[in-house]
Amino acid sequence: MMPQWRLLDTGLRSAAENMALDRTLLESAQAGACNTLRFLRFRPSALIGFHQSPSQELHLEYCREQGIDVSRRITGGGALYCDEGQIGWELFLDRRTFDTADMLAIAGRVCDMAVQGLRRLGIDAAFRPRNDIEVAGRKIGGTGGAFDGEALLYQGTVLVDFDVERMLKVLRIPREKLADKAIASARERITTLNELAGGRIPLEAVQEALTEAFGEGFGVEFRRQELTIGEQELFARYRLEMASQAWVYETDRPQLDVATGSALRKTAGGLVRAMLLVDRPRERIKQAFITGDFFVNPKRAIVDLEAALRDCSCERLPEIVEEFFARHPAQMLLLTPADITAVIGEALARANAVAS
Amino acid sequence: MGAVRGCNIPEDLSYNVDNNVWARREADGTVTVGLTAYACSLAGEIVAYTPKKAGKDIAKDKSCATVESGKWVGPVKTPVSGAVIAVNDAVASKPGLINKDPYGEGWVVKMKASDWDGESKSLKTGGDALKAFDAKMEAEGFKGC
């Protein structure tokens, strides 16, 4: 008989409740609870990563006006907006479920299974290291994790439907500076199941496909169950704690630490424009946007490069661009990787020169 | 200088092997705590660091700092109980220092240990530590740093 793991579906909830359930179930896993797959959904919520600052990542004023929940995850990664149109999946596992302790390898393994789940729906999804699930270069889900002792939590989202315009209003990405067509530009980088399928895919079908894929990947069967009494008690405590300002704003840092810089250059291969968000005290590129009228094939090379630059340390910029094009050769006519590095480098210098 | 499967494991430090952390008692009696080279290798590049605040009392095997790498968030568990007396500002601005120099500039917190003599007995050091790390790496299918 195959091992049986627990399947939990905690339905549509507030951000604080979902964060509290993450903490509850990770703690429970550490105390030896059965491995668990949880599906979750969110009322409109803006979620930042554990180490992120709400003021730096979110338009808090807009969130307040619109009644959008703001919370901080216990997992890593970047800020995101979610609402009823996405499905969250989470695995709470004993680390020894895997034959490796390498965290990147574990994340890759789980993401590959989630990808198999989407393929069951006829979607040509793939895992893009480090943490995206994409279709033809467009992101359809993000992932992140947390661990404590021998317990792991790895989670991801699947965009079944998505409100790009709202995301642009919630997240502090410099949309006005990026391009005149910020929404079109975001849409080039994001896709949804409904868009790809050309119709509505029922949420249940997505959950079923993911459940089957994780079942097959781990060689287990899932049995639908509820929270234990002990978990319910923990949840009651954490739902208050994680709704508090103290939790959400514990890591708040001044907005001025993050600077933007952009550069535009006419190269032999065409016009290249780079726009960067830089975390200056930490000397890290938070996000890079590269646009222009240059030729590139495959087209997705540029968004994949943007993904490779996410959260990278500034000093590694030339190295990362070079490595990227060595691994993913692209035709760019007269444009060279060195040109791209030069434009991004100029944007970086501008961001660092902004008075704080 | 000790090493196991290419990972530097200095023999003069005291380790909690399960939690992949080290402690060193300094000449002034304070204790420095950090992650092992093996922990760094498993984690990949560390990109964020949030230590507990100076002054905070922390029990043995509880979190004295939280770090993030490759979107994973996890605790650094102090090998001995005590109060945090210093956090590492250099690591706060460049968390990758932990990977570069886990036993030097990349230390995680400094503590005033409440019972070093009692608690440090359960930590492994020297050849015992090397053996215990080798067994851990074997069980975790680790090829090498």
**Request:** Determine, stepwise, if the pair B/K77 / A/D148 fulfils side chain to side chain contact (heavy atoms under 4.5 Å, CB included).
**Result:** CA-CA 9 Å; B/K77 296 187 170 186; A/D148 196 355; 3.0 Å; yes

**Request:** Begin with the C-alpha distance, continue with both residues' side-chain angles, and end with the deciding distance and a verdict on side chain to side chain contact (heavy atoms under 4.5 Å, CB included) for B/T66 and A/H51.
**Result:** CA-CA 9 Å; B/T66 309; A/H51 285 100; 4.1 Å; yes

**Message:** For the interface with chain B, which of A/G49, A/G77, A/G142, A/G144 has the highest count of heavy-atom pairs at distances below 4.5 Å?
**Reply:** A/G77

More than 12 foreign heavy atoms under 6.0 Å from [atom1] of [X]: is that the case here?
X	atom1	value
A/E323	CD	yes
B/K136	NZ	yes
A/E322	CD	no
B/K52	NZ	yes

**Complete:** Max heavy-atom pairs within cutoff under 4.5 Å with chain A, candidates B/P95, B/G141, B/P75, B/S41, goes to B/P75

**Asked** What are the two closest heavy atoms between A/T75 and B/V73, and how far apart are they?
**Response** C-CG2, 3.6 Å

**Evaluation steps, side chain to side chain contact (heavy atoms under 4.5 Å, CB included), between B/V47 and A/R282** = CA-CA 9 Å; B/V47 299; A/R282 293 181 183 171; over 6 Å; no

**Item:** Trace of the side chain to side chain contact (heavy atoms under 4.5 Å, CB included) decision for B/W72 with A/I106
**Value:** CA-CA 10 Å; B/W72 285 100; A/I106 290 173; 3.9 Å; yes

Drop me the distance from [X]'s [atom1] to [Y]'s [atom2], to the nearest 0.5 angstrom.
X	Y	atom1	atom2	value
B/L42	A/L104	CG	CG	10.0 Å
A/Y154	B/K71	OH	NZ	9.0 Å
B/E68	A/D311	CD	CG	7.5 Å
B/E140	A/R95	CD	CZ	6.5 Å

**Asked** Does any heavy atom of chain B fall under 4.5 Å from the side chain of A/Q155, the backbone, both, or neither of them?
**Response** neither

**Request:** Measure distances from A/N131 to the heavy atoms of chain B and classify the residue's part below 4.5 Å as side chain, backbone, both or neither.
**Result:** side chain

Pick one of side chain, backbone, both or neither for [X], based on which atoms fall under 4.5 Å of a heavy atom in chain A.
X	answer
B/K143	neither
B/A43	backbone
B/A139	neither
B/S63	neither

**Prompt:** Is any NZ, NE, NH1 or NH2 atom of the basic residue among A/R284 and B/E45 found under 4.0 Å from an Asp or Glu carboxylate oxygen of the other?
**Reply:** yes

